[in-house]
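First comes the structure, then the notes that go with it.
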Amino acid sequence: MDFNGSDTIPGPRTEDHLPHTAETAVKIVIVGGFGVGKTTMVGSVSDIRPLTTEETMTQAGIGVDDNYGSESKTATTVAMDFGRISITEKLVLYLFGTPGQERFWFLWNGLFEGALGAVVLVDTRRLEVSFDVMGRLEERGVPFVVAINSFPDAPRYPVEELRTALDLTPEIPIMDCDVRRRASSKDVLMTLMRFLHSIALSRALV
Amino acid sequence: MTPPRRKRREPKPPPPPQPQPQPPAPEPADGEAEPKNPERLYTVAGSEDGARAELDLVTLIVARDAPQMAASPEQAAVLRLCANPLSVAELSAYLNLPFSAMTVLITELITAELVQVRAPIVRRALPDRSLLEAVMHGLQRL
Ligand SMILES: Nc1nc2c(ncn2[C@@H]2O[C@H](COP(=O)(O)OP(=O)(O)O)[C@@H](O)[C@H]2O)c(=O)[nH]1
Ligand SMILES: [Mg+2]
């Protein structure tokens, strides 16, 4: 991009500025297949218009091409939408909507390692798309909740049938949502936070 | 109609520890009493494609007090954007730069002492319950 015209580089609107007191940030990751509603969910709860960060990946999937301006035949661009919620004057929560394929995850340092937890968004028309994501989160020890984004023509299963099909332990919350609605997306995030809190409590007791 | 079935996986043992710089403690909120060069701790995991600070997507970057001498138009653009705290992810988005390129640019600014870094809170073995409660309270007000 042309930085000489940097006076014209768009930045946050004045009302989107974080206060100088903002000192810490936490993040939650929203994972799921293409079209499941990740970006919609980020947008419905974010204080700011959702933004996009990109990364470039070589076909081999090793190393990251820093010569982003130069020719690179094998480069693939992976995009991740995100939003922001100011929690207090000091604390900011970021939400990242992340592609389901794990080979993209390493492109962003500590995307999951540094996250409080994850929301796995599921479309019951394509349940199996979420299987690998859940397995990867389990392997990494990232706590997650499962949110079924209710598309009108999607099959509806009783929660216990889904729990069996997804092989989820009884404590992992499974809920329906409509991520186009702010209140519904907020419910999903609150459910994740309560789940994380219960994990923290139970660990404190042992 | 029965849904397809998955098989649960077990946690994997974490990969062998890599030498990771300790993130500095967050700076005091009043911004006045400034620890001496906290960014020094942010040095730089050697990698083939050059030195780069361990920056998270949600590491907050703040320009130090004006006036500042930016070495390049790119640097000037970053400094202008982070007059108020801004995450690495937001800088990457506004400047339309890949995340890795963004971290290289920010590493230069850290080295030149033109910006301050406010470390993110990462998930720990024992999560901080008061932090979780603060997030819950904040979300409840949405
Ligand atoms: N009916 C319905 N449509 C949705 C819902 N959530 C998202 N959509 C639509 O599904 C499409 C894909 O959503 P998007 O957020 O872009 O998916 P992403 O690829 O996971 O980021 C968009 O056209 C949304 O408007 C939902 O809860 N119900
Ligand atoms: Mg999307």
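Naming convention: chains lettered A, B, ... in sequence-line order (proteins, then strands); numbering from 1 in each chain. None of these values were measured; they are calculated from a predicted model.
For the residue pair B:Ser92 and A:Glu54, no side-chain donor N or O sits within less than 3.5 Å of a side-chain acceptor on the partner.
Highest contact tally toward chain B, considering only A:Arg136, A:Met134, A:Arg182, is held by A:Met134 [criterion: heavy-atom pairs under 4.5 Å]. Chain B forms more heavy-atom pairs under 4.5 Å with one residue of A:Thr164, A:Thr124, A:Leu192, A:Thr88 than with any other, namely A:Thr164.
Side chain of B:Asn84 to backbone of A:His17: no donor-acceptor contact under 3.5 angstrom is found. With A:Glu138 contributing its side chain and B:Arg9 its backbone, the two residues share a donor-acceptor pair below 3.5 Å. In this structure, B:Arg8 contributes its side chain and A:Gly135 its backbone to no donor-acceptor pair below 3.5 Å. The main-chain N or O of A:Ile87 is found under 3.5 Å from a side-chain atom of B:Arg141 such that the two form a donor-acceptor pair. In this structure, the side chain of A:Lys186 engages the main chain of B:Gln140 through a donor-acceptor pair within 3.5 Å.
Contact between B:Pro3 and A:Ala165 at its shortest, heavy atoms only, is CG-CB, 3.6 Å. In this structure, B:Thr2 and A:Glu161 approach most closely via the heavy-atom pair CA-OE2, 3.9 Å. Residues B:Arg129 and A:Ala200 share a closest heavy-atom pair of CG-CB, 3.6 Å.
Note that OG1 of A:Thr53 is 9.5 Å distant from CG of B:Leu97, once rounded to the nearest 0.5 Å. Taking CE of A:Met193 as the reference point, atom CG of B:Leu132 lies at 4.5 Å (rounded to 0.5 Å). To the nearest 0.5 Å, the span separating CG on B:Leu142 from OG on A:Ser44 amounts to 9.5 Å.
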Item to check | Verdict with supporting geometry, B:Phe99 and A:Met80, side chain to side chain contact (heavy atoms under 4.5 Å, CB included) | outcome: CA-CA 10 Å; B:Phe99 178 68; A:Met80 190 161 63; over 6 Å; no
Next on the checklist: Before you tell me yes or no, could you show the steps for A:Glu139 and B:Lys12 under salt bridge (charged side-chain N to carboxylate O under 4.0 Å, His left out), namely the whole-Å CA-CA distance, both residues' side-chain angles and the distance that decides it to 0.1 Å?
Outcome noted: CA-CA 5 Å; A:Glu139 287 172 357; B:Lys12 279 184 181 167; 3.5 Å; yes
Checklist entry - Going through the checks in order, is the side chain to side chain contact (heavy atoms under 4.5 Å, CB included) test met by B:Glu90 and A:Leu51? => result CA-CA 7 Å; B:Glu90 283 164 296; A:Leu51 297 168; 3.8 Å; yes
Next on the checklist: Could you walk me through whether B:Val58 and A:Val26 satisfy the side chain to side chain contact (heavy atoms under 4.5 Å, CB included) test, starting with their C-alpha distance in whole Å, then the side-chain angles of each, then the deciding distance to 0.1 Å, before giving a yes or no?
Outcome noted: CA-CA 7 Å; B:Val58 302; A:Val26 293; over 6 Å; no
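For A:Thr169, the parts lying near chain B are the backbone and the side chain together; criterion is any non-hydrogen pair under 4.5 Å. Both the backbone and the side chain of A:Phe131 come within contact range of chain B, each with at least one heavy atom under 4.5 Å from a heavy atom of that chain. Contact annotation for A:Leu189: both backbone and side-chain heavy atoms come within less than 4.5 Å of a heavy atom of chain B. The contact between A:Pro12 and chain B is made by backbone and side chain atoms together, counting heavy-atom distances below 4.5 Å. With a 4.5 angstrom heavy-atom cutoff, A:Arg194 touches chain B via backbone and side-chain atoms both. Both the backbone and the side chain of A:Leu201 come within less than 4.5 Å of a heavy atom in chain B.
Listed by chain and residue number, A:Val36, A:Arg125, A:Arg126, A:Phe151, A:Ala154 satisfy the side chain to side chain contact (heavy atoms under 4.5 Å, CB included) test with A:Asp123 (two or more places apart in sequence, or in another chain).
Comment: B:Arg6 does not engage A:Asp167 in a salt bridge, judged by the lack of any side-chain N to carboxylate O separation of less than 4.0 angstrom.
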